[in-house]
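Notes follow the structure.
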There are 2 protein chains.
Amino acid sequence: MARKKKILLVEDDEMLTANLAEKLRADGYNVDAALDGETGWEKARSDSYDLIVLDIMLPGLDGISLCRFIRNLPEAAYVPIIMLTARGTEHDRIQGLETGADDYIVKPFSLGEFLSRVRAQMRRPSPNRSLNRDELASGDLRLDLTARRVFKRDSEVKLTNKEFTLLAVFMRNKQAVLSRDFLIANVWGEDYLIGESDKRTVDVHIRWLREKIEDNPSRPKRISTVRGVGYRFEG
Amino acid sequence: MARKKKILLVEDDEMLTANLAEKLRADGYNVDAALDGETGWEKARSDSYDLIVLDIMLPGLDGISLCRFIRNLPEAAYVPIIMLTARGTEHDRIQGLETGADDYIVKPFSLGEFLSRVRAQMRRPSPNRSLNRDELASGDLRLDLTARRVFKRDSEVKLTNKEFTLLAVFMRNKQAVLSRDFLIANVWGEDYLIGESDKRTVDVHIRWLREKIEDNPSRPKRISTVRGVGYRFEG
DNA sequence: TAGGTTTTTCCCAATTCCTTAAACTTGATT
DNA sequence: AATCAAGTTTAAGGAATTGGGAAAAACCTA
């Protein structure tokens, strides 16, 4: 039989938490609760959930920041998140959804409504399971080719288009020395006509990339240069 | 029919090992399991695998060290390695990822996810397979054309671009006496114009090369001089 | 279209590498 | 052993390559 789905509830109103938890358990879910933001963060990062319910107003770490943190965890980036808030103002709402919540419930709400939203999220064929995701990983770098996102250690690194493709080419050719010509052909395209002088643009992109993925950009460990030949991505 | 791909599984949780092995076998792989680091090491060095799955936390020899050892085996240096790590143990995790694993999976994970990551590694036709790597070896010298690296008795020797191509030319023409003209044509390029007198530059490069690859540079054993003709690389 | 981001170009400084020249060593030949 | 041709070694200048700053150009997006 299928494993029970696990839900994390982060809400500071104990009464409400108890009610919601009870309702969810009655519906067959496995529920974990946290009464403040920090505890919620601890749980979110150390266990894996199928859904996270976050109150926006929380003591300590607020729901919006927490949501953002969670979205930056490579392993939890795609967990569905439902936000709860007392205020239904346009502003909060937009902010909430922009940080990547999947749904938004305005207090007060009925248990019935709550449950049906939860079920909706569970039904949704979320991109959560990395089953069909096309990924490349190496060391503590992981890159999701489907979503074009890159994670270093535990947090997301924002790369531009060229940087991303460049990195992908490197990761598909670990350990190999790649010439500028090869990189241009594979990142810019075979047909990219280029004068000898413009190969320097490769160097510049390498620099931007190093800036973002190296721990110490001036002493690059991941992408090393092979003088006179090109660059090499170390495993 | 193609040979079954062989996977080595090093994980101390017997239950988990059994599950993973079963799943992998059902998917057509040949699975070998080890319940501790030492056994894993024995197997890794005495047999050849297409993929190795390592838990980080292991009794005795831990996964991180094991991974490092494997990466130092010349014949297994490029086997894809997937690490299994427990969530939350920030420190171990980061360390592990730097030793050159090709992917990592955070526990708890689903069997489906596990399998898809295994398949991803197997699918990869990258230079990770030692089979596809372009290598030249002779005695205790090994030179990896793809990565442009040279190893002398398992430790890397840093060569400059010219030195590297020079050595490659020698190793492709073992035992043959190569004239300076031949070397210039093959290392510097056919079109390299040079005054008769300046063939000395070849000698100078030979000298740097000897400095780096000979045990005793003043009594060269690998590259010997054939007076009046050129140089010869001894097997 | 304005404003921000991404991509490309350009230039200079730092560095590494290559060449050249010259002194020195070795080996062959007589 | 003396001589000469060929090879070796060292050091110094010069060439080539890369890194970093900055800004123009192209590209988006609101």
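Across the protein-nucleic acid pair, A:D203 atom CG and C:dC11 atom C1' stand 14 Å apart, rounded to whole Å. Regarding B:I223, its CD1 atom lies at a distance of 14 Å from the C1' atom of D:dG7, rounded to whole Å. Atom NZ of B:K158 and atom C1' of C:dT16 are 14 Å apart (whole Å). Atom CG of B:D181 is separated from atom P of D:dA6 by 14 Å (rounded to the nearest Å). Going from atom CG of B:L209 over to atom C1' of D:dT8 covers 15 Å, rounded to whole Å. One can place CZ of A:R200 at 12 Å from P of C:dC10, the figure rounded to the nearest angstrom. Nucleotide D:dA5 holds its C1' atom 15 Å from the NZ atom of B:K199, rounded to whole Å. The CZ-C1' distance, from A:R227 to D:dT18, rounds to 6 Å in whole Å.
Here A:R180 reaches the OP1 or OP2 of D:dT18: one of its side-chain N or O atoms lies under 4.0 Å away. Residue B:W208 places none of its side-chain N or O atoms closer than 4.0 Å to OP1 or OP2 of C:dC17. Between A:R210 and D:dG20 there is no side-chain polar atom (N or O) within less than 4.0 angstrom of OP1 or OP2. Taking 4.0 angstrom as the limit, B:T160 places a side-chain polar atom (N or O) nearer than this to OP1 or OP2 of C:dC18.
Here the side chain of B:N173 pairs no donor or acceptor atom with the backbone of B:A176 at under 3.5 angstrom. A:T39 contributes no side-chain N or O that, together with a main-chain N or O of A:L35, makes up a donor-acceptor pair within less than 3.5 Å. Between the side chain of B:K212 and the main chain of B:K158, a donor-acceptor pair closer than 3.5 Å is present. The backbone N or O of B:K221 sits less than 3.5 Å from a side-chain atom of B:E214, completing a donor-acceptor pair.
For A:R207, taking side-chain heavy atoms from C-beta onward, the closest of the listed nucleotides C:dT19, C:dT8, D:dG19 is D:dG19.
At the heavy-atom level, A:Y231 lies under 4.0 Å from the strands shown only through sugar-phosphate atoms.
Taking the charged nitrogens against the carboxylate oxygens, A:E234 and B:R71 have no contact shorter than 4.0 Å, which rules out a salt bridge.
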